[in-house]
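Here the structure is laid out as structure tokens; the discussion comes afterwards.
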Amino acid sequence: METGTSHARNAAVDLLRGLRMLYIVGFWHLMTYTDAFPGYSNPVTKHLTVAILAVFVFVSGLCVAASFERGGRDSGVFYRKRFVRIYPLFLLAAILFFVAHLTNPAALLRAIFLLSPLVGKQPPTLWFIANLCLYYLLLPVIAGRSADF
């Protein structure tokens with residue numbers, strides 16, 4: 001597989017990912033920081049949020065896996081493009097959460113070492129990025145295993 005091939009983005013997929021991200025960040029996430037809309041969290045919006053997150057993760061996973069395949073399944077290139085781009089900002093955000101007293105030291109350490117998706121309570125808001133970072137770490141291993149089948 002060539003590593004230098006260009007890839008045209010799928011506008012429909014990008015639009016779906018963008019709309020889902022706007023819902024999560026612009027509605028669900030921000031509402032947890034205000035009391036102005038007391039009825040926002042109800043069974044309908046909770047189920048909608050879970051569905052939106054599930055579709056977002058699924059579609060994003062397909063896109064990231066396809067990118068890994070196009071890159072020749074080179075783990076080093078993948079980590080430089082994905083993980084190294086996201087993890088330093090996640091680390092900065094985690095530290096700022098701690099400084100602002102939005103998380104405790106134990107949750108912060110679990111998040112920094114990407115253990116929070118597996119063990120214990122995750123820091124609010126940052127839990128999703130910790131999950132994504134863990135998925136990024138695991139993708140080359142999982143994709144390598146899938147070639148064995």
Side-chain angles (χ1 to χ4, degrees), residues 7 9-10 12-71 73-149:
H7 171 68
R9 295 187 64 98
N10 185 325
V13 170
D14 285 344
L15 178 64
L16 286 174
R17 289 169 71 192
L19 290 174
R20 283 172 172 73
M21 194 178 322
L22 283 174
Y23 173 83
I24 296 300
V25 173
F27 173 73
W28 192 257
H29 172 72
L30 292 178
M31 291 296 170
T32 62
Y33 292 98
T34 182
D35 294 326
F37 305 97
Y40 88 94
S41 181
N42 59 61
V44 172
T45 58
K46 285 182 180 181
H47 284 89
L48 180 63
T49 300
V50 169
I52 286 174
L53 279 173
V55 172
F56 178 81
V57 170
F58 179 75
V59 171
S60 295
L62 289 175
C63 293
V64 170
S67 173
F68 181 66
E69 290 290 326
R70 281 191 309 277
R73 300 174 71 101
D74 183 335
S75 299
V77 170
F78 175 78
Y79 287 137
R80 278 192 298 280
K81 284 177 69 176
R82 299 285 177 169
F83 190 75
V84 173
R85 180 175 54 189
I86 292 171
Y87 186 75
L89 293 174
F90 167 72
L91 185 62
L92 176 63
I95 292 168
L96 291 174
F97 264 57
F98 178 71
V99 169
H101 303 289
L102 295 173
T103 190
N104 62 55
L108 176 72
L109 287 174
R110 283 192 305 272
I112 288 173
F113 291 107
L114 303 181
L115 297 173
S116 62
L118 306 171
V119 179
K121 188 175 178 184
Q122 295 200 69
T125 305
L126 297 177
W127 69 270
F128 192 70
I129 304 302
N131 287 356
L132 290 178
C133 287
L134 185 61
Y135 298 154
Y136 284 163
L137 278 177
L138 294 175
L139 178 70
V141 174
I142 294 169
R145 292 282 184 216
S146 70
D148 295 339
F149 291 106

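Excluded from the calculations below are hydrogen atoms, water molecules and symmetry mates; all remaining heavy atoms, backbone and side chain alike, are included.
For the side chain to side chain contact (heavy atoms under 4.5 Å, CB included) test, residues two or more places apart in sequence or in another chain that qualify with I86 are I129, C133, Y136. With sequence neighbours excluded, the residues that form a side chain to side chain donor-acceptor pair (under 3.5 Å) with S67 are R82. Annotation: salt bridge (Lys or Arg N to Asp or Glu O under 4.0 Å) contacts of D14 (sequence neighbours excluded): R9. Taking the side chain to side chain contact (heavy atoms under 4.5 Å, CB included) definition, one finds that L16 meets it with R20, sequence neighbours left out. The side chain to side chain contact (heavy atoms under 4.5 Å, CB included) test applied to T45 returns Y23, F27, W28, N42, not counting sequence neighbours. With sequence neighbours excluded, the residues that form a side chain to side chain contact (heavy atoms under 4.5 Å, CB included) with A106 are N104, R110.
Screening L19, I24, V25 for a side chain to side chain contact (heavy atoms under 4.5 Å, CB included) involving M21 leaves a single residue, V25.
In this structure, NZ on K81 lies 10.5 Å from CG on D74, to the nearest 0.5 angstrom. Put simply, CZ on R70 and CZ on F78 are 11.5 Å apart, with the number rounded to the nearest 0.5 Å. Within the model, atoms CH2 of W127 and OG1 of T103 stand 14.5 Å from one another, a figure rounded to the nearest 0.5 Å. Remark: F128 CZ to Y135 OH distance equals 7.5 Å, nearest 0.5 Å. Atom-to-atom distance recorded for L132:CG and L139:CG is 12.0 Å, nearest 0.5 angstrom. Distance OH/Y40 to NZ/K46: 8.0 Å, rounded to 0.5 Å.
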Under 3.5 Å, which donor-acceptor pairs link side chains of residues 59-66 to any protein atom two or more places apart or in another chain?
unit_1	atom_1	unit_2	atom_2	d
S60	OG	R17	NE	3.4
S60	OG	F56	O	2.9

N/O donor-acceptor pairs under 3.5 Å from side chains in residues 111-122, not counting sequence neighbours:
unit_1	atom_1	unit_2	atom_2	d
S116	OG	Q122	OE1	3.1

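Between P140 and Y79 the shortest side-chain heavy-atom distance falls below 4.5 Å.
Across every non-hydrogen atom of I95 and L108, the tightest pair is N-CD1, 4.1 Å.
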